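Treat the numbers as computed from the prediction; the structure is a model and nothing was measured. Values below: all heavy atoms of this structure, side chains included; hydrogens, waters and symmetry mates excluded. All ligand and atom numbering here is 1-based and tracks the order in the structure.
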Amino acid sequence: MLKNDPLWFKDAIIYEVPVRAFADSNGDGIGDLRGLTEKLDYLQDLGVTAIWTLPFFPSPLRDDGYDIADYRSINSIYGNIEDFQQLLDAAHDRGIRVIIELVVNHTSDKHPWFQRARRAPKGSVERDFYVWSDSADKFPEVRIIFQDFENSNWAWDSVAQAYYWHRFFYHQPDLNYENPAVQDAVLELADFWLSMGVDGMRLDAVPYLCVEEGTNCENLPGTHVFLKKLRGHIDSKYPNRMLLAEANQWPEDAAKYYGAGDECHMNFHFPLMPRLFMALRMEDNFPISDILKQTPSIPNNCQWALFLRNHDELTLEMVSDEDRDYMYKAYAQDPQARINLGIRRRLSPLLGNDRRQIELLNSLLLSLPGTPVLYYGDEIGMGDNIYLGDRNGVRTPMQWTADRNAGFSRTNPQRLYAPVIVDPEYHYETINVEAQQANSNSLWWWMKRLISTRERFQAFGRGSFELLHPENRKVLAFTRTYSGQHILVVANLSRFVQIVELDLSAFNGMVPVEIFGRTKFPAIKEYPYFFSLSPYAFYWFTLQPQQTYIETPKPLSKLPVLTVAGNWKDIFSQAEIKSRLESILPNYLSSFPWFGGKNKVIQSTEITEVIPIDYQQKKLL
Ligand code: GLC
Ligand code: CA
């Protein structure tokens, strides 16, 4: 069941899943909605609280479904509307929310709106669903995004006898947001899916909605006006829904998609992502600390979406030319791994299959300010296939078992929508869910533990963020604080042992307790706090007031006496007396032979429920 909380996305663990790649229920070689529904238990077990499904609408599939031909139904290769409703219900039963795609910058050229537009008279409402021009020279300031595939943002349409505008593939004409009929149509699409119960929508390519001469046609005021309208519309009709912007922009521009808390709830932190990889390879916290310093603070009801990898190339659009060269050198020596302005690789191959680096980056993903978005398969360290063309190499079938087709499908292997990974290092016979679930030291188990640990501390999702400034820049350190809960994160970005001194004087007197092993560290004093860190080590601590520690419980020779005025039963109801009782319980409990935890450090005791027993009645029995 879902919690009634409009800010649910702040505590979420989001899992990005292409329906096509996850599980094939009917043996046709293509993953489908029923397959995904069958795997919800798996996702729940991993600790996922929201899934983000990639486009599953009718489409020519020339951009993996981001070229939509009909927004109101389901591509029959994936199932039908009933299957989707079932997925939604089954997810909600498990407390998992569902985020779908609202791809409304552009449609497929096969969409009836485009087919109608190209035949409609010039200047008509129907024609003006798209952006037309008599020449291909308009908007010369606008960059080309799919550099490896397109050389203009204009394409000639022989039926319309005019050029139409497209920011992506030529077969994806951009909608015209100057046209009020387009805006109304988009609101209706949102209604269609939200009224079915979807919890969130990712707004694909949202910076490019409006165009205007003399600009680069990105982040224009008109786009923000429309987003406020969309948000207002949704807020007035549906509770607890979320809009997630895909705005691949510099921090200043990206933060504008939150408006004053009245546009999108979430937005991907595109500039941070490549800098995590850069910091790791440079062994320097600067790329991370610098970009976070440049990131404006955002309204309280908003949240960054953090990610390491997704279904696209690791984009290097939001880095300088120098940094891009560095990233190519460090992470994509093989030109085959490069595409557009980015790198088409999965997490594990990027990091040379080094478990320690994979763990380190995931630990940052789950502790930096924002909500983590995991990419399917990265929880088992899946490999990729850079020879598949476009971005298909990071969209191969999920590896469930060592059986035929990696347990993804019962079909003839030749019929699979894409071949499974058989690279010797990442072969599905070794890298698969079943094998990793059978070994508690596997990456899968490690990820599951990391996720459940994060879920124990709301400060990760909701806390403030304070960067520490150690002299040793090979170490990244920061704190997170939320309603009295303090978290300290210390991460060694270097492949060698490091020492670091941190100024923790703001927490003077508190005790760092390592979160995973509950190991208590020496109390924090005025002077710098010293850590030594093994290569790529990361620590998560809670900072606890010292007095909550009952040092070594001593067995009692005499029962403690608690003096209260009035009725003795009040000790359970009056908060102040109850807490006095709770504070003597540790010593009391550890004096009994039956108390299993008596050699452990008891952090605190709490009376959560009081069950009265009628003494008279008991005697009669
Ligand atoms: C977004 C999607 C990408 C797609 C593009 C064009 O950037 O993430 O996969 O190709 O939009 O629709
Ligand atoms: Ca299928």
Side-chain angles (χ1 to χ4, degrees), residues 16-39 52-57 59-69 71 74-80 83 87 99-109 111 143-150 153 165-175 201-209 218 244-249 267-268 270 273 305 307 309-315 317-318 339-342 344 373 375 389-395 397-398 405 408-412 415-418:
E16 175 185 358
V17 54
V19 175
R20 179 167 83 158
F22 209 52
D24 171 20
S25 72
N26 62 353
D28 64 355
I30 303 168
D32 43 53
L33 292 169
R34 285 185 183 205
L36 175 54
T37 307
E38 285 166 15
K39 295 297 185 186
W52 151 32
T53 53
L54 301 196
F56 43 61
F57 314 95
S59 156
L61 296 180
R62 298 174 74 186
D63 184 15
D64 218 351
Y66 282 96
D67 47 333
I68 298 175
Y71 287 90
I74 305 271
N75 191 329
S76 58
I77 60 174
Y78 301 137
N80 55 37
D83 295 331
L87 168 71
I99 302 161
I100 67 163
E101 292 272 354
L102 191 63
V103 185
V104 288
N105 174 67
H106 47 269
T107 69
S108 159
D109 58 0
H111 194 287
R143 68 186 168 123
I144 292 171
I145 297 169
F146 284 170
Q147 290 188 358
D148 289 2
F149 302 92
E150 302 294 339
N153 286 318
W165 181 243
H166 64 89
R167 291 305 303 273
F168 295 94
F169 288 122
Y170 70 90
H171 52 77
Q172 290 167 312
D174 278 30
L175 286 164
M201 302 188 119
R202 171 181 176 273
L203 302 174
D204 184 71
V206 77
Y208 321 122
L209 299 188
E218 303 192 5
L244 165 58
E246 186 215 19
N248 186 356
Q249 297 290 328
N267 185 7
F268 290 100
F270 274 96
M273 182 274 298
F307 64 108
R309 290 298 301 112
N310 63 18
H311 64 290
D312 290 323
E313 69 274 27
L314 189 167
T315 162
E317 283 162 298
M318 292 306 132
I339 185 175
N340 299 321
L341 281 188
R344 49 175 163 191
V373 182
Y375 188 48
D390 200 352
R391 293 147 289 171
N392 297 324
V394 300
R395 303 172 181 179
M398 178 68 178
N405 303 325
F408 161 80
S409 169
R410 298 182 308 277
T411 198
N412 176 337
R415 197 181 169 194
L416 287 179
Y417 78 87

Is a donor on one side and an acceptor on the other found under 3.5 Å between the side chain of R309 and the backbone of D312?
yes
Suppose we measure from atom 12 (O) of ligand 1 to each protein heavy atom; which comes out shortest, and what is that distance?
H106 NE2, 2.8 Å
For Q172, the ligand 1 atoms whose distance to one of its heavy atoms is below 4.0 Å:
12 (O)
Examine distances only and state if a side-chain atom of N75 and a backbone atom of I77 form a donor-acceptor pair shorter than 3.5 Å.
yes
Between F146 and ligand 1, which part of the residue brings a heavy atom under 4.0 Å of the ligand: side chain, backbone, both or neither?
side chain
Using a 4.0 Å cutoff against the non-hydrogen atoms of D312, which atoms of ligand 1 qualify?
2 (C), 3 (C), 7 (O), 8 (O), 9 (O)
For ligand 1, does R62 get within less than 4.0 Å through its side chain, its backbone, both, or neither, judged by non-hydrogen atoms?
neither
Could you check whether any side-chain heavy atom of R143 comes within less than 4.5 Å of a side-chain heavy atom of E218, counting everything from C-beta outward?
yes
Is there side-chain contact between Y66 and E101, with at least one heavy-atom pair below 4.5 Å?
yes
Test of understanding: with salt bridge (charged side-chain N to carboxylate O under 4.0 Å, His left out), list the residues that count as partners of R20, not counting sequence neighbours.
D64
Numbered atoms and elements of ligand 1 in range of E246, under 4.0 angstrom, heavy atoms
1 (C), 7 (O), 8 (O)
Heavy-atom nearest neighbour in the protein, as seen from atom 2 (C) of ligand 1, with distance rounded to 0.1 Å
D204 OD1, 3.2 Å
Answer whether the closest heavy-atom distance between the side chains of V373 and N310 falls below 4.5 Å.
no
Nearest non-hydrogen protein atom, atom 4 (C) of ligand 1:
D63 OD2, 3.3 Å
Between R391 and D63, is there a side-chain heavy-atom distance shorter than 4.5 Å?
yes
Report yes if some heavy atom in the side chain of D24 is under 4.5 Å from a heavy atom in the side chain of Y417; otherwise report no.
no
Sorted by chain and residue number, which protein N/O/S atoms are under 3.0 Å from the Ca ion (ligand 2)?
D24 OD1, N26 OD1, D28 OD1, I30 O, D32 OD2
Please work out whether the ring planes of F168 and H106 are parallel, tilted or perpendicular, with thresholds of 30° and 60°.
tilted
Could you check whether the rings of H171 and F169 sit parallel, tilted or perpendicular, using 30° and 60° as the cut-offs?
parallel
Under a heavy-atom criterion of less than 4.0 Å, does R391 contact ligand 1?
yes
